[in-house]
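Keep in mind that what you see is a predicted model, and the values were worked out from it rather than measured. Counting starts at 1 for both ligands and their atoms, following the listed order.
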Amino acid sequence: MSLRHSILIIGCGSIGERHLRCFQKTGRCLVTACDSNAALRQRTADTYNVPTTDAAGTANGSFDAVVICTPAPLHVPQAIGALNAGSHVLIEKPLSHSLAGLPELFAARDRASRHVAVAYVYHVFPFLTAARDFIRSGEFGSILHATVTSGQPFHLLRPAYAQTYYRDRAAGGGGIQDALTHIANWIEHVIGPTESLLCDCAHLALPSVEVEDTVHISARHGGVMVNYTLNQFQHPNETTIQFNTTRGSVKIEFHHQRWGTFAAGATDWTWHTTPVAERDTHFINQANSFLDQIEGNPAQLCSLEAAAQTLRFNLAALAAAESGSRVHLSELPGRM
Ligand SMILES: NC(=O)c1ccc[n+]([C@@H]2O[C@H](COP(=O)([O-])OP(=O)(O)OC[C@H]3O[C@@H](n4cnc5c(N)ncnc54)[C@H](O)[C@@H]3O)[C@@H](O)[C@H]2O)c1
């Protein structure tokens with residue numbers, strides 16, 4: 001395999017370092033690291049033996065693709081800069097913290113004729129893809145109802161959370177934009193866009209921040225009703241999604257990396273397990289999918305359109321929590 005793609009990673013913090021390492025591990029590209037923090041640039045160069053550049057070097061057109069791993073308010077302007085310089089773009093989630101600049105981003109993509117994907121990494125989780133394909137097969141008919149129950153000890157998983165963008169909604173922080181968005185994006189991928197939602201959320205437990213760490217959302221996707229609950233302080237790191245139809249149910253347990261079916265009339269679940277050795281494996285798979293896409297193969301990752309829809313979900317949830325009433329996503333200001 002030749003190292004034929006030149007890739008620039010912008011932002012080498014927590015997730016940027018992982019992307020850098022995982023793009024390297026594909027064996028298909030030469031990676032350059034960019035961060036505005038000089039000490040971090042040096043540490044990244046020393047650890048991964050990569051060339052580095054500062055923020056000024058990001059849009060000079062010498063990279064086939066740019067991976068944007070900065071906080072959410074920088075995603076759209078940096079993506080537009082990269083597209084205008086002729087690069088393909090992979091953008092970390094969420095797409096942004098507001099709808100500002102989205103029409104310009106779509107226009108820049110179409111003008112440049114380059115690929116844009118958004119790194120909602122669940123799109124490459126094998127047990128999710130298998131469950132999605134089963135649902136799409138139609139064996140159980142149409143989904144009527146789904147429940148999502150998710151919780152994890154964020155303070156143990158990301159001890160520095162209070163010093164990052166997470167502490168500030170305006171920077172893309174809080175449980176809705178940072179954590180729940182992954183699940184909402186994947187649910188929309190399976191059953192279609194959210195049309196309206198109610199949301200209650202609060203800060204209950206995480207020290208040193210005031211943003212919401214607990215979220216309840218009741219959403220409607222056309223005729224399908226979805227209930228989400230999330231907290232970011234419980235000790236078991238567990239996420240369960242269940243889809244219900246009149247012919248059966250499909251359950252996904254992230255913590256066991258398995259999915260199961262319970263057909264009408266069955267007495268127990270039938271489980272399918274697809275374990276993945278370590279977290280980097282998902283990110284290597286995501287990097288390979290992105291490289292496949294820019295080589296002209298079918299896209300597996302979240303599209304710009306789907307990520308813009310999930311951004312509206314995030315903003316609707318924040319607005320619904322603020323107002324205490326149902327928010328229709330089509331009525332958000334600045335709708336595209
Ligand atoms: N997919 C996932 O599982 C996952 C996990 C964590 C974070 N994220 C997302 O990734 C993004 C970054 O999160 P993080 O946790 O890595 O944040 P972080 O704070 O650890 O890292 C961000 C980095 O961007 C750098 N930076 C800021 N402005 C810059 C600029 N103008 N030019 C170059 N570098 C700049 C900072 O110096 C910092 O090193 C967020 O959108 C977050 O939601 C995704």
Side-chain angles (χ1 to χ4, degrees), residues 8-23 32-45 47-48 50 52-60 63 66-82 85 89-98 117-125 128 150 152 154-155 157-186 209 211 232 237 239 254 276 278-287 289-290 301-302 307 310-311 314:
L8 177 68
I9 309 285
I10 307 182
C12 299
S14 172
I15 202 69
E17 180 180 359
R18 192 184 293 276
H19 278 296
L20 190 157
R21 182 170 65 239
C22 292
F23 268 91
T32 299
C34 168
D35 200 287
S36 49
N37 177 333
L40 181 57
R41 276 204 307 279
Q42 190 56 51
R43 200 163 66 240
T44 307
T47 307
Y48 295 100
V50 290
T52 63
T53 174
D54 65 12
T58 56
N60 63 11
F63 300 97
V66 171
V67 184
I68 297 175
C69 306
T70 50
L74 294 171
H75 293 177
V76 169
Q78 288 180 334
I80 291 173
V89 185
L90 177 63
I91 309 172
E92 254 307 338
K93 49 54 65 175
L95 178 57
S96 186
H97 67 310
S98 83
V118 178
Y120 277 106
V121 69
Y122 288 180
H123 287 247
V124 297
F125 279 28
L128 293 180
S150 181
Q152 52 282 134
F154 191 49
H155 52 296
L157 299 170
R158 184 90 199 256
Y161 68 92
Q163 285 81 54
T164 73
Y165 67 88
Y166 176 82
R167 67 171 176 262
D168 184 3
R169 278 184 178 172
I176 292 170
Q177 298 181 96
D178 196 44
L180 191 80
T181 190
H182 276 289
I183 310 175
N185 175 263
W186 192 75
V209 293
V211 287
Q232 299 188 281
N237 181 355
T239 296
F254 283 60
V276 168
E278 47 159 346
R279 192 163 167 76
D280 269 6
T281 307
H282 294 307
F283 285 81
I284 296 167
N285 291 341
Q286 182 174 241
S289 285
F290 179 66
L301 303 181
C302 177
T310 304
L311 170 57
N314 299 345

Student: Are any of the N/O atoms on Thr164, whether in the backbone or the side chain, positioned under 3.5 angstrom from an N/O atom of ligand 1?
Tutor: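 No - when backbone and side-chain N and O of Thr164 are compared with those of ligand 1, no distance drops under 3.5 Å.
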Student: If you measure from each heavy atom of Glu17 to ligand 1, is any distance below 4.0 Å?
Tutor: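 It does not; every heavy atom stays at 4.0 Å or beyond.
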Student: Mark up the atoms of ligand 1 that fall under 4.0 Å of a heavy atom belonging to Leu40, in ascending order.
Tutor: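 The list of qualifying atoms is 39 (O).
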Student: Please report the shortest heavy-atom distance between Gln286 and Leu301, naming the atom on each side.
Tutor: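 Here Gln286 and Leu301 meet closest at O-CD1, 3.8 Å.
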Student: Quick one: list whatever passes side chain to side chain donor-acceptor pair (under 3.5 Å) with Arg169, sequence neighbours left out.
Tutor: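 For Arg169, the residues satisfying side chain to side chain donor-acceptor pair (under 3.5 Å) (neighbours in sequence not counted) are Glu212.
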Student: Which heavy atom in Leu40 sits nearest to a heavy atom in Cys12, and how many Å separate them?
Tutor: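 That would be CD2-O, 3.4 Å.
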Student: Do Tyr48 and Phe23 have ring centroids that are under 6.0 Å from one another?
Tutor: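 For Phe23 and Tyr48, the ring centres are not under 6.0 Å apart.
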Student: Decide whether Thr70 and Tyr165 meet the rule of one side-chain donor and one side-chain acceptor closer than 3.5 Å.
Tutor: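 Not at all, the side chains of Thr70 and Tyr165 share no donor-acceptor pair under 3.5 Å.
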Student: Which is closest to atom 3 (O) of ligand 1 by heavy-atom distance: Arg279, Gln78, His19?
Tutor: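 That would be Arg279.
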Student: His19: which residues meet the ring pair (Phe, Tyr, Trp, His ring centres under 6.0 Å) condition with it, sequence neighbours left out?
Tutor: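 For His19, the residues satisfying ring pair (Phe, Tyr, Trp, His ring centres under 6.0 Å) (neighbours in sequence not counted) are Phe283.
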Student: Is the distance between the ring centroids of Phe125 and His282 less than 6.0 Å?
Tutor: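 That pair passes the under 6.0 Å test.
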Student: Using heavy-atom distances only, which candidate in Ala160, Cys69, Gly16 approaches atom 22 (C) of ligand 1 most closely?
Tutor: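 The residue whose heavy atom sits nearest atom 22 (C) of ligand 1 is Cys69.
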Student: Compute the shortest N/O to N/O distance between Ile15 and ligand 1 and return yes if it is under 3.5 Å, no if not.
Tutor: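 Yes, there is a polar N/O contact under 3.5 Å.
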Student: Among Tyr166, Tyr165, Phe283, whose heavy atom sits nearest atom 7 (C) of ligand 1?
Tutor: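 When every heavy atom of Tyr166, Tyr165, Phe283 is considered, Tyr165 comes closest to atom 7 (C) of ligand 1.
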Student: Checking Thr281 side chain against Glu278 main chain: does a donor-acceptor pair fall under 3.5 Å?
Tutor: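 Pair found, side chain donor or acceptor close to backbone of Glu278.
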Student: Using a 4.0 Å cutoff against the non-hydrogen atoms of Ser14, which atoms of ligand 1 qualify?
Tutor: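 Answer, ordered by atom number: 15 (O), 16 (O), 20 (O).
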Student: Just which atoms of ligand 1 are under 4.0 Å from any heavy atom in Gly13?
Tutor: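 Answer for ligand 1: 16 (O), 20 (O), 21 (O), 23 (C), 39 (O).
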Student: Identify the heavy atoms of Asn314 and Pro94 that sit nearest to each other, and give their distance.
Tutor: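 The pair with the smallest heavy-atom distance is ND2-CB, 3.7 Å.
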Student: Which is it for His182 and ligand 1 at heavy atoms under 4.0 Å: side chain, backbone, both or neither?
Tutor: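 It is the side chain that touches ligand 1; the backbone stays farther off.
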Student: Find all atoms of ligand 1 within a distance of less than 4.0 Å from any non-hydrogen atom belonging to Asp178, and give their numbers and elements.
Tutor: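 Selected atoms, number and element: 43 (O).
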Student: Taking atom 36 (C) of ligand 1 as the point of reference, which of Asp35, Ile10, Asn37 owns the nearest heavy atom?
Tutor: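 The residue whose heavy atom sits nearest atom 36 (C) of ligand 1 is Asp35.
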Student: Show me which atoms of ligand 1 lie under 4.0 Å from any heavy atom of His75.
Tutor: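 With His75 as reference, the close atoms of ligand 1 come out as 41 (O).
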